[in-house]
Structures are given as structure tokens and as C-alpha cells.
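Encoded as C-alpha cells, here's the structure I'll be asking about.
Just so you know, ligand 1 is whichever comes first in the structure, and atom 1 is the first atom listed for that ligand. Hydrogens, waters and symmetry mates play no part in the numbers below; they use all other heavy atoms, side chains included. Along the sequence shown, residues carry numbers from 1.
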Amino acid sequence: MSQKPIIVWFRQELRLSDHPALVAAAQTGAPVICLYIHDDVTAQSWAQGGASRWWLHHSLKALAQSIAQKGGELTLRQGETVQALEAVIAQTGASAVYFTRGHNPWSAALETRVKTLCEKTGVDCRRFGGFLLFEPEDIRNGSGEPYKVYTPFSRFCFAAPAPRFPKPAPDSLKGVKLKSDKLESWSLLPTKPDWSKGFTMWQPGETGAQQRLADFLDDRLAIYGEARNFPNVEATSGLSAHLHSGDISPNQIWHAAKAAIAKAQGKHDKSGETFLKEVLWREFSYHLLHHWPHLPDRPFKPEYADFPWASDPKGLQAWQHGLTGYPIVDAGMRELWQTGIMHNRVRMITASFLIKDLLVPWQEGERWFWDTLVDADIGANAASWQWVAGCGADAAPYFRIFNPVLQGEKFDADGDYVRRFVPELARLPKTFIHKPWEAPALVLKEAGVTLGKTYPNRIIDHHFARDRALAGLKQLKATA
Ligand SMILES: Cc1cc2nc3c(=O)[nH]c(=O)nc-3n(C[C@H](O)[C@H](O)[C@H](O)COP(=O)(O)OP(=O)(O)OC[C@H]3O[C@@H](n4cnc5c(N)ncnc54)[C@H](O)[C@@H]3O)c2cc1C
């Protein structure tokens, strides 16, 4: 008698290699139903934003091709996950559901419901790791508590037994032909207007991710430690969106980086360690999210819920559109809009500007990034916004307020990053590129800049804003 099929429910691991659930299913020799369910119901207000949907479309397209090359087929279904799974089990008489554990705040409840469905229908249910290097509950401090501070957390990870080595993709996938949605019918791509035209540097999917990792290790790992803070230098890996959708696993990155560091025989040790530490920031974000699932919505430090925020819809809009009059802030916000990504240093500067200069609640910025970043990730985004706001675990202290002019002068000294994304300032000399309001009239004229016309006047004076933010902090402390 032929074997009943096994459903592999794909979630945020849109790849064939290092996919433990898929490998285990293929090893049984049973036909494998590769199933992806597009479920906006369960995530509710955290359903994927626009730029992530663009990525998802292309990543699924690439996955379908890879599965087809192995002899299988990707089945697409839309709707509430448990109902969709129940329908596929009923249609196929599947014997089991295999899946990778999710780490979003709603994942645990969803997985319990999937388990209940499997028990009800007499189907085996198996859950695998694959999204993180370390499962959050395996990491505890000396008192058995979760870590709240990054440095001891990362020390624990470095000292722990090495993360699992990556598994190769199955040689072949015996598929099952099933009715599937057409990817295009999900309308994941923008149409009117098509704001994704500038996303040309991305190749979502497993092949693109592996290529990007290889290029990074060959060309940029050596300079990563020194150059990763300079937005106009291509020094970082650019792997975050691939990691978010699971085009690549953290284990593949970790072990490939370790091998590259070893091969360089001491030349890249420091730079390599800095890179591995950044990968561990992702783990730390998910460690926090696991133990404090309200992280995307509420401050980790509850007293910050009473911060005297301002209502500034005009300021928020100027920030979103890159029209604040602060060149480094505007360059970052336009980079985001044009390419779906923003350099980490500039994310910190723009976030600080929104929260501390404009006093707009951090959740507003978090939401904008959620919609516009191709790497929008519930763990990293929430933890990072809270870090900048000063209300997160192990956060930058609130009183540390980024000065957008000094940050620009330090990390974009020649102004080339600003020139790239704010072309109306391109002809300003570097002395004034981060503070055009200080440029003499003749310099502005020669550069073709008319403040208030070709480029906005500053929407706020940073020194005034800084004092106002510190007064807000004082008020918060007085009432706490
Ligand atoms: C306000 C703000 C919002 C952010 N939102 C997101 C987000 O939605 N998604 C996201 O992946 N990152 C987010 N980050 C973190 C960081 O900016 C990006 O991970 C990084 O810029 C991605 O570029 P890269 O892949 O070239 O990183 P690299 O420097 O090459 O780092 C390698 C990997 O480490 C991880 N990593 C690096 N820095 C961090 C960090 N601070 N926190 C968590 N993981 C990190 C990422 O997975 C990254 O791909 C945010 C940072 C800030 C300040």
C-alpha cells in the first residue's frame, strides 16, 4: 500500500536547505505536500506590511521553482491557518503535519491549535527548530531567569555548545498534485503606484541569499568591523530580509562565517566576531519577545507608558517623507522609501529624531518601518525601537539624544550618502551638507538650493527639541 503524504507547512523558512522539518519529511520516503498558507487573520494588526509582501511574493516564486526542480510542487492556500490545514488534511488523507516553530507573539497559541487539530484528526504533528540558533527557553542566567542585558546574553551564546550544523536540501521531493491558489491572485505586489521600482538590488529567495552570503564573506567581512557604521560604504551583509523570510537560516550564516574567519587565519577575527555579535542581536530580540510578548506594542519599562508625548501629525508626515530639513534624517527616510532598506546607523538617527526631537511615540515609527522595510521583523523592529526610545531592555538611556548634524558629520563626513538620496543638496560643499541653514546665501545660490523652496527649512531646532525631550524625561521621573 502506498504511503500517505506528509504535509510540510512552510512559514518563515522559504528554503530547501537547512530545513529540518522538510528533511525529516523527505527521509520518511512518503510523498511531501509543500504547503504555504497566506494568513492575515491570525497576525491581526501585525499582518505583513507592504514591502515585506513584495519580498514574500518573490521569495515564494523562487521557492516554487526550487521545489519543482526537485520533482515536487508548492501548494498555496489563503485564509485562517487551522481551517486551511484542516481542509488539506481532509483532501489528501495526510498522515502528518511537520512544521518549523514560529517565534511571533501569536505563534505559540496557533501551534497549540494546530496540535489540537492533528489530535482530533488522528494526524501526527511534529515541530522542528530552524528560525533561531538557540531556542529562547534554553538560555537562562545564573538565577534561571531570562536575560535582560545583551552582553551576558551573548557571552552565554558564545560559550554554549555550537548551534546545529546546517542540513543539505533533500535530493528529491516526491510531490502530490493539489489545487493551489495562483500567487498573483494574492496581490502581494504594489500596483498603483508601484513604489517597488527601486528594489532592484534584491534577489529574494534561497539562491539570492546564498549568493549574498558568499559575496559578503569574500568581499566585506574583512572590513565589516571598521566600516559597518558608515552608510555610504557597502560593508554589511544585507542578509536581514533573507533571514526574516527564511531564505537562509541563521545556522547557515553562523557556520559559514565561522569557517571564513578560520580560513583567514587571524586576519578577520575581530571583524568576524563583531558580525557574529550582530547575528546574536537578532537572537536577543527574539529572546526578549518570547519572554515579553507585548514588546511590539508596549514599553518594556512600563513607566514609559506615561511619557508626555506630543501630538505632531505634520512632523510625523515630514519624517515619513524625508522632508524634515535635517539632511541625514531625510536621506535615511528616502533610502527606506526607494530601496526598502535603511542602514542601521541611520535607522538609529531617524528613530531618535522621531522619538526625541519630535516627541512622537516610538510605536508610530515602528509601524512605518513595519510597512516600508523589506526586512520588517517583529522581534528586531520592536526591540530596536524600544532600544532607541530608552524604554527597552538594555536600552540606550533616554537622555542619550542623537544630534543629527554631528552624527551626519561623523558617519557621512563627505556627505556622499546625503547627496545620493537628497539630490537637491548634491552641489552643497561638505562643510554645509549636514547643516544647510548655516550656509551663506552665496553658497546656497551656487549650489542651487533655496531653503523653504527646493529643500525644506528645519521643522524643529534640535537644541530646543533636546531640552524639551529632557524636560519630558524629568516629568516622567517625577511622576514615577
Ligand atoms: C529603529 C530600528 C529598527 C530596526 N528594525 C529592524 C527590522 O525590522 N528587521 C531587522 O532585521 N532589523 C532591524 N533593525 C536592526 C538592524 O538595523 C538591521 O538588522 C540591519 O541594518 C540589517 O542590515 P544587514 O543585514 O546588512 O546587517 P548586518 O550588519 O550584516 O548584521 C547581520 C545580521 O544581524 C542581525 N542584526 C544586526 N543588527 C541587529 C539589531 N540591532 N537587532 C537585531 N538584529 C540585528 C540582522 O539579522 C542582520 O541581517 C532595526 C534597527 C533600528 C535601530
Could an N or O of ligand 1 be found under 3.5 Å from any N or O of Asp377, whether backbone or side chain?
yes

side-chain contact (heavy atoms from CB on, under 4.5 Å) partner of Ile460, the single match among Leu358, Thr324, Leu359
Leu358

Which of the atoms of ligand 1 are close to Met348, meaning less than 4.0 Å from one of its heavy atoms?
53 (C)

Which segment of Leu373 sits under 4.0 Å of ligand 1 when only heavy atoms are counted:
side chain

I'd like to know whether the aromatic ring centres of Trp55 and Phe199 sit less than 6.0 Å apart in this structure.
no

Per-atom filter on ligand 1: closer than 4.0 angstrom to a heavy atom of Val279 are 34 (O)

Any N or O of Asn344 that comes nearer than 3.5 Å to an N or O of ligand 1?
yes

The one among Tyr150, Tyr286, Phe369, Phe275 that brings a heavy atom closest to atom 32 (C) of ligand 1
Phe275

Check each of Thr236, Thr274, Leu239 against atom 25 (O) of ligand 1 and report the one with the nearest heavy atom.
Leu239

With heavy atoms of Arg282 as the reference, note each atom of ligand 1 found under 4.0 Å away.
43 (C), 44 (N), 47 (O)

Parallel, tilted or perpendicular: which one describes the rings of His291 and His287, with boundaries at 30° and 60°?
perpendicular

Any N or O on Ala351 sitting closer than 3.5 Å to an N or O of ligand 1?
no

